[in-house]
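Quick notes on the structure that follows.
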Amino acid sequence: MDFLSTLNPPQREAVVETEGPLLILAGAGSGKTRVITYRIVYLIAERNVAPHNILAVTFTNKAAQEMRERVEKLSSGFGQRSAPLISTFHSLCVRILRQDIQALQEGYTRSFTIYDQDDSVRLIKACIKDLGYDDKQLGQRAVQSAISAAKNRGDDAESYAAHVEYGDEKRSAIARVFRLYEERLRNNNALDFDDLIIKTVQLLRRVPEVRERYNDKFKYILVDEYQDTNSLQFALIRFLTEKQQNICVVGDEDQSVYKWRGADITNILNFEQHYPNAKAIRLEQNYRSTQNILDAAGSVVKNNTERKGKTLWTANPAGESIRYYQAFDGDAEARFVAAKIEEHRRVNPNLRAAILYRTNAQSRVFEEALRRSRIDYNIVGGFSFYERAEVRDIVSYLKLAMNPHDSIALMRIINSPARGLGKQTLDEIERRAKDYAVSHWETIALLTDGSTPGLSPRATTALKNFQKIITDLVTATTSAASSDSPVSDVVKAAILDTGYANALKAENTDEAEARVENLQELVNAAVDYDAQDGGEGLRDFIDHAALVSDSDQYKQDAPVTLMTVHSAKGLEFPLVFIVGLEDGLFPHSRSATDPAELEEERRLAYVAITRAERFLYVSHAMKRRVYGEEMASEPSQFLNEMPLELMEDLSRGASWLSFARKSSTLENKHAIRALKGLGENARPEKIYTGKTYDSADSIAEFFRKRGQQMNPSAAQPDPPVIRRAAASSSPSGSSRPASRSSNSSGASSSATGDFTPGSHVRHPKYGRGLVLRREGTGDSAKLTVSFPGFGQKKLIEKYAGLEKA
DNA sequence: GAACTTGCTGAATTG
DNA sequence: CAGCAAGTTC
């Protein structure tokens with residue numbers, strides 16, 4: 001088969017080893033997607049496997065979409081009648097459940113509703129309220145993520161409750177919310193995202209007949225980004241491969257960046273134990289990036305200890321140096337990026353560019369700068385189309401039309417547009433629904449048929465009105481389903497016949513007009529859906545709306561794409577800007593306390609760098625608005641981990657980079673002196689800073705300082721060049737009793753008063769740092785200090801042993 | 001019941 | 001600086 005000749009030997013092996021378990025360790029840019037797609041086509045064309053016996057699973061729609069397109073392109077000409085199933089974990093599960101969920105016998109029907117995170121939070125909020133908990137103490141979001149984390153660990157409400165330690169009020173409250181939440185989901189015939197996987201696993205575990213059927217169906221299974229699978233996804237794959245063992249997984253441990261979502265890296269590390277006859281193939285040749293870019297990526301990620309180690313190499317030329325820019329503030333950084341894009345465009349108008357940031361909130365300044373420069377851009381993430389309020393409203397109408405017991409959907413739209421059903425009435429409905437233990441829809445029926453008094457005549461009329469709107473929509477939906485009429489007609493009905501469009505038009509504002517346009521866009525989506533063959537009706541359309549996510553708006557040919565590093569995984573661009581490389585931002589401050597999380601941040605930096613094919617820019621700003629407040633920021637330690645000699649400094653004036661370079665030669669000198677045994681006397685002036693050591697405290701301080709002097713990294717002067725992030729060390733000072741008392745000695749306490757934000761301090765262990773924030777006063781004063789190379793630390797002023805610098 | 005005002009708290013990454 | 005929740009006014 002001639003297309004194999006375009007592959008290198010390990011790639012070819014990965015394609016033709018079709019039988020039995022196979023692990024493909026594929027480094028960044030090593031042609032992973034290519035191998036998967038070729039493998040699928042090879043199975044069909046050379047091994048005569050029926051396409052419908054092949055399943056390929058990905059995490060994102062984007063990846064699935066790309067794979068589908070590439071398979072189609074490669075196999076155009078073979079004229080297959082069926083296509084392989086290339087799907088995300090979630091849509092695979094929806095597919096299975098829509099078919100077989102009744103076999104679980106938990107009361108769920110095939111017309112179950114899918115709750116996305118927003119719906120799920122709403123339901124949790126209601127549960128918190130109904131259990132009488134203070135929603136300030138029990139943040140809805142926090143509870144939602146605790147429950148989701150538990151579910152992904154494989155815990156249900158019962159086992160979560162069983163693990164709560166005695167006296168842990170918060171957890172036991174969460175446990176009760178969890179239980180109620182599950183109960184409500186069931187009453188609403190609804191599944192949240194996690195349930196989609198959980199229920200499928202339960203189904204396969206408990207019902208041998210179903211398990212067997214899917215085992216027979218999916219004879220060859222491929223899993224992409226295997227390092228990101230969690231225990232549930234692992235279980236799912238295990239069950240699906242029980243009978244046959246033709247499982248091929250592809251992944252890269254250096255690109256594991258979803259631990260926070262429960263991804264379990266041991267799935268890939270122990271694959272060979274899970275599937276004893278497994279073969280492993282490593283793809284180590286990178287085709288994407290220049291040598292310099294690859295060197296930068298490698299030199300950052302090698303600072304991680306939790307890794308097997310892999311040598312990625314390339315035959316590509318060294319290429320351009322990495323360009324570095326230190327900006328005055330966030331705006332200046334954005335202007336710099338826009339200017340550079342223009343500059344590149346003048347030489348090469350078609351150079352695709354990506355701007356990668358750590359958090360979505362950073363996108364705004366870049367959008368503004370690009371708009372000012374009249375550069376077209378495409379944004380991935382943030383609020384997606386299907387997350388817009390008006391779109392969600394209409395989707396809720398449609399969900400309700402298919403499942404009137406979906407109380408979340410009902411409560412969402414019962415009074416939008418406003419139809420005279422205010423808080424009073426809604427509270428009444430909620431109360432009764434709870435009392436009677438029936439759905440809100442049934443409660444409404446009880447309230448309007450006259451059998452249940454309690455509502456004002458006005459409210460009853462309004463409620464009847466609403467009831468009619470929904471029953472009409474239900475009729476329209478069912479008749480459309482039976483007559484096979486287009487989905488777009490029903491969508492139009494949901495927009496027009498509910499009075500939604502009219503209410504918007506009556507507003508007569510620009511904003512309302514934009515909303516109308518968005519709804520028009522939804523109708524267009526439905527028309528598109530109708531046009532493609534294989535559409536399965538409204539239900540399928542709505543499932544799509546629920547499972548589609550922001551990263552799916554990625555347009556491959558957009559000239560400039562803005563997105564988070566997470567959403568950039570799997571993509572490549574000739575020109576890449578990694579922005580906001582600052583301590584506390586990237587690496588993110590929430591990762592500061594846990595070394596494992598810092599390693600994940602570092603892998604994320606690795607992912608970001610390896611997106612670049614030819615040009616890579618890295619930048620940071622010296623100050624930035626956070627919470628609407630200007631905050632000083634220090635360069636990211638990851639910058640320090642890049643090979644400084646490969647970097648070209650484009651900053652105006654003296655930058656951190658020029659500093660870092662000087663001090664690294666300085667450091668080398670120190671190192672040489674230390675080797676010659678002169679280290680101890682290297683900087684005597686630092687020991688005798690004009691103080692007389694005349695008290696016990698002062699003498700203790702002398703020994704403390706001398707102790708640091710022995711430790712070269714602690715003795716580093718300004719912009720220290722740190723070899724390795726010392727994330728494991730805890731903020732010191734408190735561990736050193738002597739320092740505590742020394743601080744109360746007259747000499748240093750005079751300086752204690754003015755550690756104000758913006759001033760510099762010197763810490764016995766971390767060296768020079770910048771005070772970012774000061775909270776509290778007196779003995780309890782806490783400082784947030786950023787130490788270049790060590791990250792941000794929270795210190796108790798009294799114990800930290802700080803000096804003014 | 002709806003529209004408006006104030007005041008508070010809180011953002012990491014995703015299907 | 002948001003976005004949201006509770007309070008206030010019409």
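Keep in mind that what you see is a predicted model, and the values were worked out from it rather than measured. Note on naming: letters A, B, ... go to the chains in the order of the sequence lines (proteins, then strands), and numbering restarts at 1 for each one.
For A:Ser567, a side-chain nitrogen or oxygen approaches OP1 or OP2 of B:dT14 to under 4.0 Å. Put simply, A:Thr425 has a side-chain N or O that comes within less than 4.0 Å of OP1 or OP2 on B:dG1. At the phosphate of B:dT14, neither OP1 nor OP2 sits under 4.0 Å from any side-chain N or O atom of A:Thr60.
Interface remark: the A:Arg261 side chain does not form any donor-acceptor pair with the B:dT13 base, using a distance-only criterion of under 3.5 Å. For B:dA12, the base has a donor-acceptor partner in the side chain of A:Glu597 [N/O atoms by modelled type, under 3.5 angstrom]. Scanning atom types as modelled, no donor and acceptor separated by under 3.5 angstrom connect the side chain of A:Asn61 and the base of B:dG15.
Each of A:Gln424 and A:Glu601 lies near DNA chain B, and the nucleotide nearest A:Gln424 is the one positioned closer to the 5' end.
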Dump the pairs, protein N or O against N or O of nucleotides 2-6 of chain B, anything under 3.5 Å, distances to one decimal.
residue	atom	partner	partner atom	Å
B:dA2	OP1	A:Gly420	N	3.2
B:dA2	OP2	A:Asn415	ND2	3.3

Polar atoms only, N or O, under 3.5 Å: list the protein pairs with nucleotides 1-4 of chain C and their distances.
residue	atom	partner	partner atom	Å
C:dA2	OP1	A:Arg364	NH1	2.6
C:dA2	OP2	A:Arg364	NH1	3.3

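Take A:Phe586 and apply the ring-ring contact (aromatic ring centres under 6.0 Å, His included) test, not counting sequence neighbours, and it matches A:Phe638.
No engagement by A:Gln362 is indicated, since no non-hydrogen atom pair under 4.0 Å with the nucleic acid exists.
For the salt bridge (charged side-chain N to carboxylate O under 4.0 Å, His left out) with A:Asp118, the qualifying choice from A:Arg141, A:Arg388, A:Arg392 is A:Arg392, the only one to do so.
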